[in-house]
Amino acid sequence: MALEDDIATLTVLVQDMLAESGEIAGFDARAWLDRWLTGVVPALGNRRPIDVLNEPDGLEVVRSLLSRAQSGAYS
């Protein structure tokens, strides 16, 4: 259940990011997040975000990455 809670938290984060950008019409944040979570992400050492979520502090690592991506800071 914890993983599903983390995904719900991240879905809200993505929705909030979209609302800030002003472009939310027709965008399915959960569907986008589901695809992103299962893809390899170079900023995570070529790991999948879904795997990182299962690690201690994984939610914070993934949340931070998404926040940095919104601002354009990928390192």
Side-chain angles (χ1 to χ4, degrees):
M1 190 65 162
L3 181 60
E4 199 54 42
D5 291 342
D6 289 351
I7 292 171
T9 297
L10 293 172
T11 300
V12 170
L13 175 65
V14 170
Q15 289 169 334
D16 290 348
M17 290 166 63
L18 288 167
E20 287 177 21
S21 76
E23 295 295 326
I24 60 174
F27 189 86
D28 185 340
R30 177 61 191 256
W32 178 87
L33 184 64
D34 286 344
R35 285 189 305 276
W36 183 78
L37 286 171
T38 58
V40 173
V41 176
L44 294 173
N46 291 320
R47 295 180 296 158
R48 300 178 319 157
I50 194 80
D51 297 329
V52 174
L53 285 177
N54 289 314
E55 299 172 0
D57 298 320
L59 176 60
E60 290 308 313
V61 170
V62 173
R63 184 187 308 199
S64 175
L65 177 61
L66 285 170
S67 295
R68 289 190 323 262
Q70 180 185 21
S71 70
Y74 294 102
S75 59

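Predicted, not measured: the structure shown is a model, and the values here were computed from it. Values reported hereafter were calculated over all heavy atoms of this structure, with side chains retained and with hydrogens, waters and symmetry mates removed.
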Rounding to 0.5 Å, atoms CG (Leu59) and CG (Asn54) come to a distance of 11.5 Å
Is the backbone of Arg35 close enough, under 3.5 Å, to the side chain of Thr38 for a donor and an acceptor to pair up by distance? yes
Distance-only side-chain donor-acceptor flag, Ser67 / Arg63, under 3.5 Å: no
Heavy-atom closest contact (Thr11 atom, Ala29 atom, distance): O-CB, 4.3 Å
How close do Leu44 and Arg47 get, counting heavy atoms only, and between which atoms? O-NE, 2.8 Å
Any side-chain heavy atom of Ile7 within less than 4.5 Å of one from Leu53? yes
Shared ILVMFWY cluster between Val41 and Leu3, side chains joined below 4.5 angstrom? yes
Lys/Arg-Asp/Glu bridge criterion (N-O < 4.0 Å) met for Arg30, Glu4: yes
With a 4.5 Å limit on heavy-atom distance, are the side chains of Trp32 and Leu37 in contact? no
Answer yes or no: is there a donor N or O on one side and an acceptor on the other, between the side chain of Asp57 and the main chain of Glu60, under 3.5 Å? no
Please check if atom CG in Asn46 has more than 12 non-hydrogen atoms from other residues, nucleotides or ligands closer than 6.0 Å. yes
Would a 4.5 Å heavy-atom cut-off, applied to side chains only, mark Val14 and Trp36 as touching? no
Shortest non-hydrogen contact from Gly39 toward Pro49: O-CD, 3.1 Å
Cluster question for you: counting only ILVMFWY and a side-chain heavy-atom cut-off of under 4.5 Å, with indirect links fine, are Met17 and Phe27 together? yes
Value for CG (Leu13) from CG (Leu33), rounded to nearest 0.5 Å, stands at 9.0 Å
